[in-house]
Protein chains: 2
Amino acid sequence: MSHDLDLIFAALSDPTRRAILEMLLEDDMAVTDVAEPFEMSLAAISKHLGILTRAGLIVQEKRGRVKWCKLDPSAIRASSVWMQGFGQFVELDLDGLERFLAQELPQD
Amino acid sequence: MSHDLDLIFAALSDPTRRAILEMLLEDDMAVTDVAEPFEMSLAAISKHLGILTRAGLIVQEKRGRVKWCKLDPSAIRASSVWMQGFGQFVELDLDGLERFLAQELPQD
DNA sequence: GCTTTGGTCAACCATTTGGTTGAATAACGA
DNA sequence: TCGTTATTCAACCAAATGGTTGACCAAAGC
């Protein structure tokens, strides 16, 4: 129970940070590359990444002078689990979830 | 796509508001009753309920002088759908979800 | 009618948030 | 070694957040 829902949901409440997470869904990225599409300073993006890291949504690993960012499943899962507490609501979307998975994930 | 993830996740990031949602999971409640377990003014709770309402997480309906609060599934579902975009992570919990549903929901 | 009950509104306050800039640090490439 | 690239740090700022109090309004109850 080490995941702090306060931090996780607060991190997810910012559109820039959600966009970053979606970018990282495609591939791990360096901080500079994460910042590129945004019209905002590198320092601001660095702060956002710090918030995502503290929330446990991503991990950052420094190799050389480049700091790589990648998604960390566990926090997303923690918040997902909390939402499942609202089973009577989430269950209604199980079919949609299955459809989504079947459609989006290559069946390798 | 009328649901604003900014508002939803910001609303969920506060522990008082999450606690309120969990209370409402059991039953619809009047504002005063929602406030009762918290050590905080009624006005503060009223604000929290306003935030939850604006986020679409609850609906409030006034009957007489009593304002009833109840969960609104749609916003929870909207955020849940966003999380499903992280399918490669959420899928890992499908088994857990099924277990949860099987265990928590009476099979009527 | 009054008084109580249920709830919001307005003004205020301290803290946090999301951004800026400029300087600092660290590692590469020539 | 020197300049460049990658990233953070520190100080600052405006705006938003989460709480308070006291006044206010509307619906019951006596």
Side-chain angles (χ1 to χ4, degrees), chain A residues 3-24 27-72 75 79, chain B residues 3-24 27-72 75 79:
Chain A
H3 281 292
D4 188 331
L5 290 176
D6 287 25
L7 292 180
I8 295 174
F9 284 126
L12 292 177
S13 75
D14 183 274
T16 301
R17 289 192 290 264
R18 286 199 308 277
I20 291 173
L21 291 177
E22 287 169 5
M23 290 164 58
L24 292 178
D27 210 350
D28 300 351
M29 299 178 81
V31 173
T32 308
D33 296 330
V34 169
E36 200 270 332
F38 298 98
E39 296 194 336
M40 152 185 338
S41 69
L42 187 58
I45 295 295
S46 180
K47 277 193 186 178
H48 280 306
L49 291 170
I51 289 168
L52 289 170
T53 300
R54 248 170 283 123
L57 287 160
I58 66 172
V59 289
Q60 290 180 288
E61 178 194 353
K62 193 164 185 179
R63 276 201 298 275
R65 65 179 163 182
V66 175
K67 201 165 189 178
W68 292 92
C69 309
K70 65 180 200 186
L71 286 174
D72 183 345
S79 52
Chain B
H3 281 293
D4 190 329
L5 291 176
D6 287 27
L7 293 181
I8 295 173
F9 284 126
L12 293 177
S13 74
D14 184 274
T16 300
R17 289 193 291 263
R18 287 199 307 279
I20 291 174
L21 291 177
E22 287 168 6
M23 289 164 59
L24 292 177
D27 211 349
D28 300 351
M29 298 177 80
V31 173
T32 309
D33 296 330
V34 169
E36 199 269 332
F38 298 98
E39 296 195 336
M40 150 184 342
S41 69
L42 187 58
I45 295 294
S46 180
K47 276 193 188 178
H48 280 306
L49 291 171
I51 289 168
L52 289 170
T53 300
R54 250 170 282 121
L57 287 161
I58 68 172
V59 289
Q60 290 181 287
E61 180 194 350
K62 192 165 186 178
R63 276 203 297 275
R65 65 180 163 181
V66 174
K67 202 166 187 178
W68 293 92
C69 309
K70 65 181 198 186
L71 285 174
D72 182 346
S79 52

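So that the names make sense, note that chain A is the first sequence line, chain B the second, and so on, each numbered from 1. Just so you know, these numbers use all the heavy atoms, side chains as well, and skip hydrogens, waters and symmetry mates.
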Quick one: B:His48 NE2 to D:dG19 C1', roughly how many Å, whole number?
8 Å
Does A:Thr16 form a side-chain contact (heavy atoms from CB on, under 4.5 Å) with A:Ile45? I'd like the steps, not just the answer.
CA-CA 9 Å; A:Thr16 301; A:Ile45 295 295; 4.3 Å; yes
Under a 4.0 Å heavy-atom criterion, the protein footprint on nucleotides 21-30 of chain D, written with B, S and -, is B-----BS--
For DNA chain C, the residues among residues 12-21 of chain B that have a non-hydrogen atom under 4.0 Å from it
none
Pairs touching residues 43-57 of chain A that satisfy side-chain hydrogen bond (donor to acceptor under 3.5 Å, both in side chains), sequence neighbours left out:
A:Arg17-A:His48, A:Thr53-A:Gln60
Do A:Ile8 and B:Leu12 make a side-chain contact, defined as non-hydrogen atoms from C-beta onward lying under 4.5 Å apart?
no
Shortest non-hydrogen contact from B:Leu5 to B:Ser79?
CD2-CA, 3.8 Å
Roughly, in whole Å, what's the span from CZ in A:Phe9 to P in C:dT17?
16 Å
For nucleotides 12-15 of chain D, give me every protein contact, N/O to N/O, under 3.5 Å, one pair per line with atom names.
none

Gap between atoms CD1 and P, on B:Ile51 and C:dT8 respectively (whole Å)
13 Å
Sorted by chain and number, sequence neighbours left out, side chain to side chain donor-acceptor pair (under 3.5 Å) with A:Glu39 holds for none
I'd like to check B:Ile58 versus B:Leu71 (side-chain heavy atoms, cut-off strictly below 4.5 Å). Are they in contact?
yes
Provide, to the nearest angstrom, the distance between the CG atom belonging to A:Leu52 and the P atom belonging to C:dT17.
13 Å
If I take atom CD in residue B:Glu39 and atom P in nucleotide D:dG18, what distance separates them, rounded to the nearest angstrom?
19 Å
Measure CD1/B:Ile45 against P/C:dC9 and give the value in whole Å, please.
16 Å
Side chain to side chain donor-acceptor pair (under 3.5 Å) partners for B:Asp6, two or more places apart
A:Arg18
Closest approach of A:Gly56 to A:Asp72 (non-hydrogen atoms, all atoms of both residues):
O-CB, 3.4 Å
Partner of B:Ile20 under side chain to side chain contact (heavy atoms under 4.5 Å, CB included), chosen from B:Leu57, B:Ile51, B:Leu49:
B:Leu49
Could you check how far CG of B:Asp6 sits from P of D:dT17, rounded to whole Å?
10 Å
Nearest whole angstrom, please: distance from the P of C:dT21 to the CE of A:Met40.
12 Å
Nearest heavy atoms of A:Met23 and A:Val34, plus distance in Å:
CE-O, 3.5 Å
So does A:Ser46 get a side-chain nitrogen or oxygen closer than 4.0 Å to the phosphate oxygens (OP1/OP2) of D:dT7?
no
Shortest non-hydrogen contact from A:Ala55 toward A:Ala75:
O-CB, 3.5 Å
